[in-house]
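Below: one structure, written as structure tokens.
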Protein chains: 4
Amino acid sequence: MAIIVNKEEKRRAIAQSCSELLLENGIDNLTIAQIAQSAGIGKGTVYEYFENKEDIVFEIITLFMIEFERRALEQIQSAASAKEKLQLFLGLMFEDEFDRRHLGLYQEYLAISLVQGTPQMVEFSLLCREKFAHILGDILELGIAKGEICEASRGLISALMLFGRGVVVDSKVTGIEAKAEIAQFLDTLFELIKIGEVK
Amino acid sequence: MAIIVNKEEKRRAIAQSCSELLLENGIDNLTIAQIAQSAGIGKGTVYEYFENKEDIVFEIITLFMIEFERRALEQIQSAASAKEKLQLFLGLMFEDEFDRRHLGLYQEYLAISLVQGTPQMVEFSLLCREKFAHILGDILELGIAKGEICEASRGLISALMLFGRGVVVDSKVTGIEAKAEIAQFLDTLFELIKIGEVK
Amino acid sequence: MAIIVNKEEKRRAIAQSCSELLLENGIDNLTIAQIAQSAGIGKGTVYEYFENKEDIVFEIITLFMIEFERRALEQIQSAASAKEKLQLFLGLMFEDEFDRRHLGLYQEYLAISLVQGTPQMVEFSLLCREKFAHILGDILELGIAKGEICEASRGLISALMLFGRGVVVDSKVTGIEAKAEIAQFLDTLFELIKIGEVK
Amino acid sequence: MAIIVNKEEKRRAIAQSCSELLLENGIDNLTIAQIAQSAGIGKGTVYEYFENKEDIVFEIITLFMIEFERRALEQIQSAASAKEKLQLFLGLMFEDEFDRRHLGLYQEYLAISLVQGTPQMVEFSLLCREKFAHILGDILELGIAKGEICEASRGLISALMLFGRGVVVDSKVTGIEAKAEIAQFLDTLFELIKIGEVK
DNA sequence: TATGAATGAGCATTCATTCAT
DNA sequence: AATGAATGAATGCTCATTCAT
């Protein structure tokens, strides 16, 4: 009698089993052979659950993204002002060693997107964009509602995300100090968007 | 006596001769054999003038960067207001087919920086950063001097560059409409930094 | 279930299939492409069974060494006196065309050991040394037991091997006549070590 | 008015100027460019004085050989008995750091001889052989004359040289302890060839 | 006599993916 | 459902030597 396996469940199990490997070795140095071994299955079996290597990496990165979103929402709640929330959100990837490894993986993923960019990857990136836009939107709306920042701030969602993307890239490419850049930007920005002053 | 060649000159000549190749094929698909052929020299000769393939790509990208800087300064002069200048500067890479190919190369270069990032590459990126910071600084200072924008705008240089980087990346990664994003950001931003209104 | 292959067996089969190639072309001129072709497999498959090219050469040389040892023991048995045995053993590599090709390969291997000498190669050479020391030891012991040679001869094992190595090298380097040198040495030596005379 | 240069003199000057380089880098890693630079001349000029790279290496090795011979003779004189002289002669290459570097070079040279062996190299090796045979011959003759060793020892010249060659090779190939091997061999040998005992 | 610019052949190795069993 | 054996494309780099000046 064959064991009935929930495909979706096994997918995640395989992905989980080698997520550490991915963080350690990076995408390029992760081989299908390693994946199969760490999951305790044959190489061919991997392809029963995933289309290709990219598919596996996707699964893992998606898991990380969900976790990241969860942490982001959690952290943001603990902050009082809109500025603090933004600071936390934009800076979340640069916190500690744990994040540094995830950041590295994310940068590697971005690099692949930059040169190979399959429709699937674009779709995934757009999905992330939406989620984060939503989070940023909530932060700003709340800030406006609480009278912390002006109505015009509403138009900054996309810019804040693009700024964030720039920080992620440049923290590697030019070695800028991410958290300092974020702080400085928010200081300047809040000088402009906070309520109650005349320029 | 032997023939004396101006090494620096020939370097540039070789780089020039295969820059088209680089734009067409991308970095990864550019082979030393192609470079040598397009320059009409032997493969070994290439290595008389360049350390390695990376070195060649660098030379070409540097040439493009210089050209880009020149065009940026030229375009900016033709604009009247600070907002227009910023729009031109940030949008310069997304103008037409000509730029699209250069943009692609730049994105590929960024991708490499994101995963391999040699000290030399970081140094180059920092150099670019400085140059562009200078240009942005001039634009903002002039805008402040002319009373177009508030003093606080001065603190936006780094943020504008990171935003620009984000647009370069996301125009590929998520397929956002670069020029529209830039326009929208500047509209919102100028709503905040222009002089003469109460929030 | 997938096909299970006896790895060790296939290793030897691949090695065997290109040993002729190795004898003909030498180590440096043996390419992986040739190996794959002669074994009727793909280049990649070669690497399923061998770490690298060196590993393949090792396998083949080891096979030759085993065969050499077998022949040596066989030949020695057919000889009556210790002197004859030594002569056969030391001269075995210089017999005929068959041996000349193997000798050439061995010399090439020695050359590599002399400049690159990986631990693995040293280990292999020590293994050979042990085996041959054992054979020489047996010959001498029997000679002593039979009263052909004096007790002190026992101390000559290592020297005989080093002499043999010297002959292998010099037969190529200075073109000395190997068999004549061996004969002359043994004549002199036996003059000294044979029993029953006063110097 | 052209400067008259003694070709032979300049040859030696060039060779001398890069002999240190040769000891440090080995034959394979010594480039013509380095040679030219260290001699303060152009690459092309090197070929005015030498046929090819091999020719240069030859010149240097010849210089070393002459020096080695000088040292050998000097050392030997300081020894009293034939056994001591042989020990000094055979062990001379394994004395100290100075010798270790020369030994390495010599081994590399042997390796080349083993696979490429040009007539010129064979000739050189034969020349060395003759010289050293002469030295060994003198040692043995003197020993015989002084009644230290028996007449038959005269036949050991070639064997001693081949043994020596074997030690040079195996000190690298199998990592044997050269000086110990030499001592052990000579102990055993002198047990056999010394005068005044009955086996 | 001196130079130095130009040359170009040659090859190991990796690993995602397939598919016969 | 699971497997794992087989595959093969694709490329940077070195350096001794030559010969035009």
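Quick caveat, the model's predicted, so the values are computed rather than measured. Chain naming here is simple, since letters A, B, ... match the order of the sequence lines and numbering starts at 1 in each.
- We find that A/Glu8 and A/Arg11 are joined by a salt bridge, their nearest charged nitrogen and carboxylate oxygen being less than 4.0 Å apart.
- The main-chain N or O of A/Ser17 is found under 3.5 Å from a side-chain atom of A/Ser38 such that the two form a donor-acceptor pair.
- Using a 4.5 Å cut-off on side-chain heavy atoms (C-beta onward), A/Met65 and A/Phe124 make contact.
- For the pair B/Asn52 CG and F/dG12 P, the interatomic distance rounds to 11 Å; values are reported in whole Å.
- Side-chain contact between A/Phe50 and A/Ile14: present, with at least one pair of heavy atoms (C-beta onward) separated by less than 4.5 Å.
- Listed candidates were E/dA6, F/dA6, E/dT1. Nearest to the side chain of B/Glu48 is E/dA6.
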Close N/O contacts between protein and nucleotides 9-11 of chain E (under 3.5 Å):
from, atom 1, to, atom 2, distance (Å)
E/dG10, O6, B/Lys43, NZ, 2.5

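- The strand DNA chain E forms stems, runs of 3 or more Watson-Crick or G-U wobble pairs with distances below 3.5 Å, at E:2-21 with F:2-21.
- In terms of phosphate contacts, A/Tyr47 brings no side-chain nitrogen or oxygen within less than 4.0 Å of OP1 or OP2 of F/dG4.
- Within 4.0 Å of D/Phe50, counting heavy atoms only, lies no atom of the nucleic acid at all.
- Using a 4.5 Å cut-off on side-chain heavy atoms (C-beta onward), D/Gln107 and C/Val115 make no contact.
- Side-chain atoms of D/Glu108 come within 3.5 Å of backbone atoms of D/Ile27 as a donor-acceptor pair (strictly under, hydrogens ignored).
- Two residues, C/Thr45 and B/Glu54, neighbour DNA chain F, and the one matched to the more 5' nucleotide by heavy-atom proximity is C/Thr45.
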